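All remarks here apply to the structure that follows.
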Number of protein chains: 2
Amino acid sequence: MSSRQDGNRDEKRDEAAVARFVERFAAELTAAGMQRMAARVFSALLASDAGSMTAAELAETLSISPAAVSGAVRYLTQTGMIGREREPGTRRDRYRLYDDVMATALTRRDQLLVRWEKQLREGADALGPHTPAGTRMTETADLFAFMQQELEETLLRWQERRAGARADD
Amino acid sequence: MSSRQDGNRDEKRDEAAVARFVERFAAELTAAGMQRMAARVFSALLASDAGSMTAAELAETLSISPAAVSGAVRYLTQTGMIGREREPGTRRDRYRLYDDVMATALTRRDQLLVRWEKQLREGADALGPHTPAGTRMTETADLFAFMQQELEETLLRWQERRAGARADD
DNA sequence: CGCTTCTTTCAGAATTTTGTGAACACTCAG
DNA sequence: CTGAGTGTTCACAAAATTCTGAAAGAAGCG
């Protein structure tokens with residue numbers, strides 16, 4: 001038997017399985033706060049062999065309008081998760097997943113921590129640094145500062161590891 | 001001058017400053033995906049000296065209905081960010097921020113990584129582990145596995161540091 | 001028990017978000 | 001220039017979300 005349980009050892013893509021993955025993974029991303037269409041486009045790209053698709057292909061596979069593709073693609077481009085490239089000799093754009101998308105997305109996380117830390121310190125100052133609330137907020141700000149540092153180091157370690165793995169190829 | 005710029009060195013809370021902080025911080029949390037009312041309640045608790053408030057106080061300071069408080073509080077309780085406690089001798093509940101809320105919230109992040117990794121591995125298997133898409137997804141899953149490990153260690157280091165700081169008191 | 005005080009639930013109004021269709025804009029090929 | 005092939009914008013319809021008031025539900029207190 002070569003059913004879906006034991007994976008795909010054939011050459012051709014099981015489009016139904018792809019669609020299932022795309023929808024499930026997109027749902028996770030949506031739950032985590034990403035816009036629905038952006039999440040679906042992103043997932044579709046992730047599951048594409050080329051790592052890139054045209055707007056038409058996206059509209060087709062996801063059953064959405066060109067307008068929806070446009071919106072999703074704008075979001076993903078602005079947030080630096082995908083790039084747009086033009087196929088030479090044609091008018092068609094391809095939208096391509098950047099390498100290490102997830103790793104760079106996590107870097108952006110870092111910026112969130114910076115902002116939160118800043119606001120907490122301002123808050124602590126406004127409330128009075130020696131009040132109970134002020135103290136609590138300072139401690140929380142310290143945690144965020146710590147996380148920034150650690151996240152940075154973690155990403156460096158990941159880069160090293162990736163570099164090592166690539167050297168083995 | 002003792003304006004708001006240079007912090008509050010007086011005893012009494014500058015309620016206007018508190019309100020500003022609450023709204024700003026809540027806005028950040030909302031942008032990061034938290035429900036609006038939950039974010040406001042959470043921020044208000046964070047800025048409260050006692051680290052806890054009654055439903056009535058929350059409704060009052062945030063200008064929202066008891067129903068809204070109820071909803072927000074349910075969400076925060078379910079996600080384990082606050083606890084409910086009854087004031088002895090009264091019928092009033094107090095909602096209290098857990099210690100190290102943020103640190104434990106980050107622990108929950110970890111569960112997200114677990115789920116995402118799992119889905120990616122399933123996806124890679126469904127698409128065929130040796131296809132380009134399958135390979136990409138496996139690599140991404142590896143990143144998430146790595147992040148889980150690192151996040152865990154980071155939180156341990158934070159606990160240690162906290163323990164050390166508390167011992168100094 | 002019943003009253004009083006709080007909390008929760010629920011239906012609905014208001015708002016916001018989302019996705020579409022259609023018009024518009026851009027770009028290259030001839 | 002013109003026209004075909006693509007991408008984007010915008011107004012609107014549909015759907016989801018959010019918050020409220022009102023009513024119902026607990027839980028202590030006399």
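Keep in mind it's a predicted model, so treat the numbers as computed, not measured. First the proteins, then the strands, lettered A, B, ... as listed; each starts at 1. All heavy atoms count here, side chains included; hydrogens, waters and symmetry mates do not.
- By the 4.5 Å heavy-atom criterion applied to side chains, B:H130 and B:T135 are not counted as neighbours.
- Looking at heavy atoms from C-beta onward, B:L120 lies in side-chain contact with A:L46 at the 4.5 angstrom threshold.
- Annotation: side chain of A:R161 is in contact with side chain of A:W158 (closest heavy-atom distance under 4.5 Å).
- Using modelled atom types, one finds a donor on one side chain and an acceptor on the other under 3.5 Å when comparing A:Q149 with A:E153.
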**OP:** List the steps and the verdict of side chain to side chain contact (heavy atoms under 4.5 Å, CB included) for B:M81 and B:F42.
**Re:** CA-CA 8 Å; B:M81 307 190 75; B:F42 182 83; 3.7 Å; yes
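- The distance between atom OH of A:Y75 and atom P of C:dG19, rounded to the nearest whole Å, is 13 Å.
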Subject >> Nucleotide-resolved protein contact map, nucleotides 23-30 of chain C, B/S/- at heavy-atom distance under 4.0 Å >> reply: ----BBS-
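- Put simply, the side chain of A:E122 reaches to within 4.5 Å of the side chain of B:R24, judged on heavy atoms.
- Considering only heavy atoms from C-beta on, B:R96 stays 4.5 Å or farther from B:I82 through its side chain.
- The CZ-P distance, from B:R94 to C:dT5, rounds to 19 Å in whole Å.
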**OP:** For nucleotides 11-16 of chain C, just jot down a letter per nucleotide in 5' to 3' order: B, S or -, based on protein non-hydrogen atoms under 4.0 Å.
**Re:** ------
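- The CZ atom of A:R92 sits 17 Å away from the P atom of D:dA4 (whole-angstrom rounding).
- Looking at heavy atoms from C-beta onward, A:Q148 lies in side-chain contact with A:E117 at the 4.5 angstrom threshold.
- Using a 4.5 Å heavy-atom cutoff, the side chains of A:M37 and A:L62 are not in contact.
- Taking a 4.0 Å limit (strictly below) on heavy-atom distances, residues 32-71 of chain B reaches DNA chain C at B:A55, B:P66, B:A67, B:S70.
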**OP:** Go through the steps for B:Y95 and B:E85 under the test side chain to side chain contact (heavy atoms under 4.5 Å, CB included), then give the verdict.
**Re:** CA-CA 6 Å; B:Y95 301 100; B:E85 40 187 57; over 6 Å; no
